[in-house]
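These notes are about the structure you will find just below.
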Amino acid sequence: MDLDPPDAVRAIARKLEDAGYETWAVGGAVRDRVAGAPAGDWDLATRATPEQVMQVFRRTAPIGVDHGTVGVLRGRDMYEVTTFRRDVETFGRHAVVEFADRIEEDLSRRDFTINALAWHPLTGELLDPYEGERDLKEHRLRTVGEPAERFAEDYLRVLRALRFAGQFDLEIEEATWTALRAAVSKLDGLSAERVREELLKIMGQVRRASRSLALYQEAGVLAELYPELEAVTGEPPDAEGSLWERTLRAVDAIPPARPVLRVAALLHAVGMPPARTRDLRGGWRYTGHEVLGARKAEDVMRRLKASNAEIEQVARLVRHQPELFPPDSPDPVVRRWLRHVGPDLVSDLFRLRFALWRAEDGTGGPDDLLERWGMVRRVLRDRPPLSTGDLAIGGEELMELGLEPGPRFKQILEALLERVTDDPSLNRQGALMEVVRSEWLDE
Ligand code: ATP
Ligand code: MG
């Protein structure tokens, strides 16, 4: 079997084998290629100890020598070469490992059968002691060994299972599913970083992320880790159907290359359950849900220990996603809207709106949206002043005019910004100084 690895993988394997050390390609790349998908990072497992690996190669980086991992540098790429390992003792999170003599031992400590494949880069042999290839072909996910034990060794495997099930369209085998369900209550012990990375891997690697996310719900993971989203799944359906299903379709409508935007789509409705009230006709209304939603989305992102930039971006997208200027707006209205949402957010906001539109079964949306996107682009092309910093005058000019610095400066500049929002041609030093002279100097 040829899995078509990068040349460097064969070259590294050859050097190690020539030095007498058995070496295999393992992990995600082998799984992805056996599934017929493009591979991510190629990892190698070897009989050589880290010290021996460092002797064989000139350019190495000791990236995890305690765990047996050495980075071997080839051009600008780095390949992880890890000494065969076996588990000796586990306590809920990371197994304590020691080096092993045989690749089979190394494979036995891996989580799922599809991840326990090894492929020999020189002979092309596929080592598959747990029938992972058959599981991939027959769309089945199983743990290596006894499911409850394997989850208890590392509860992150619960989330990994749901990710792989979505990524490779796998059905989770019954015993694995039963143990997985029972392990969900332990997920609160995982670190925020690992939970976040898993969510971002679903967003960034699983084209139909909805499959993994629907499984999060079915398994009870939402209720355990993301109660705000569990509440969304419980919303009563409206004329357009279920809010949760619409949310999932919106996530799928955004490409994996935009993981954070996908997170914003996932969280876009978290303000709706707590905002819901009856309207006078007995239907539902959701006044102010976007404000509440932005706050809740921020809570979720903080809990995940996301970066400040990501927290802010997601909260702003949730906050502003329902508001768009009306289709026939004159330019000053478009410019005021741009000022309100922030010009840096605009393209992502439109991407999110398109995804949400596609998630509804969409009448009337795209033409309007396209037209409004066109208006935004046209308005932005003129680089209109959208903040007081863009004005042709500032504090210095106000002082030149004899005004005393103070809070009044800010008021004046904001009033000028209103003027130039209506008429950007006014944004010239002379014209603005004239406005200040006539309106603020002779009080
Ligand atoms: P991806 O790279 O797409 O996230 P992956 O399976 O390659 O998926 P990695 O975290 O790169 O994930 O791990 C590489 C390999 O190490 C896995 O294929 C699996 O064999 C093993 N592995 C990773 N994490 C665990 C774990 N928590 N428990 C057991 N084995 C694991
Ligand atoms: Mg990997």
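Both counts, for ligands and for their atoms, begin at 1 and track the order of listing. We use all heavy atoms of the structure for the numbers below, so side chains are in, but hydrogens, waters and symmetry mates are not.
Residues Arg249 and Ser210 bring no donor and acceptor atom of their side chains to less than 3.5 Å of each other. Glu22 and Trp24 share a donor-acceptor pair across their side chains, judged by distance under 3.5 Å alone. Side chains of Arg31 and Asn115: a donor-acceptor N/O pair is present below 3.5 angstrom, by distance only. Thr82 and Thr69 form a side-chain donor-acceptor contact under 3.5 Å, judged by distance and modelled atom types alone.
Contact atoms of ligand 1 toward Gly27: 15 (C), 18 (O) (distance under 4.0 Å to a heavy atom of the residue). Within the listing of ligand 1, atoms 1 (P), 3 (O), 4 (O), 8 (O) sit less than 4.0 angstrom from a heavy atom of Arg163.
Within the 4.0 Å heavy-atom cutoff, Phe112 does not count among the residues contacting ligand 1. Residue Leu156 places every heavy atom at 4.0 Å or more from ligand 1. For the pair Arg150 and ligand 1, no heavy-atom separation below 4.0 Å is found.
Taking any N or O of Asp43, backbone or side chain, none lies under 3.5 Å from an N or O belonging to ligand 1. Between Arg110 and ligand 1, at least one N/O pair is under 3.5 Å apart. When only interatomic distances are considered, the shortest N/O to N/O separation between Gln167 and ligand 1 does not fall below 3.5 Å. Between Arg194 and ligand 1, a contact under 3.5 Å exists for no N or O pair.
Using bins of under 30°, 30° to 60° and over 60° for the plane-to-plane angle, the ring pair Phe164/Phe112 lands in the perpendicular bin. The aromatic rings of Phe325 and Trp337 sit perpendicular, their planes meeting at an angle over 60°, well past the 30° parallel limit.
Here the protein heavy atom with the shortest distance to atom 27 (N) of ligand 1 is Asp154 OD2, 2.9 Å. In this structure, the protein non-hydrogen atom closest to atom 3 (O) of ligand 1 is Gln205 OE1, 3.1 Å.
A salt bridge does not link Arg74 with Asp7: none of the charged nitrogens is closer than 4.0 Å to a carboxylate oxygen. For Asp106 and Arg86, the salt-bridge test fails: no basic side-chain N is under 4.0 Å from an acidic carboxylate O.
Residue Met272 comes nearest to Tyr286 through the heavy atom pair O-CD2, 3.2 Å, listed as atom of the first residue, atom of the second, then distance.
Contacts with ligand 1 closer than 4.0 Å are made by no heavy atom of Trp42, backbone or side chain.
In this structure, of Asp106, Asp111, Asp32, the residue bringing a heavy atom nearest to atom 31 (C) of ligand 1 is Asp111. Nearest to atom 29 (C) of ligand 1 by heavy-atom distance, out of Glu197, Glu80, Arg157, Glu198, is Arg157. Remark: among candidates Arg160, Lys201, Arg31, Glu153, the nearest residue to atom 17 (C) of ligand 1 is Arg160, based on non-hydrogen atoms.
Not a single protein heavy atom sits closer than 4.0 Å to atom 11 (O) of ligand 1.
Relative to the ring axis of Trp119, Arg33 does not place its NZ or CZ within 45° and under 6.0 Å from the centre.
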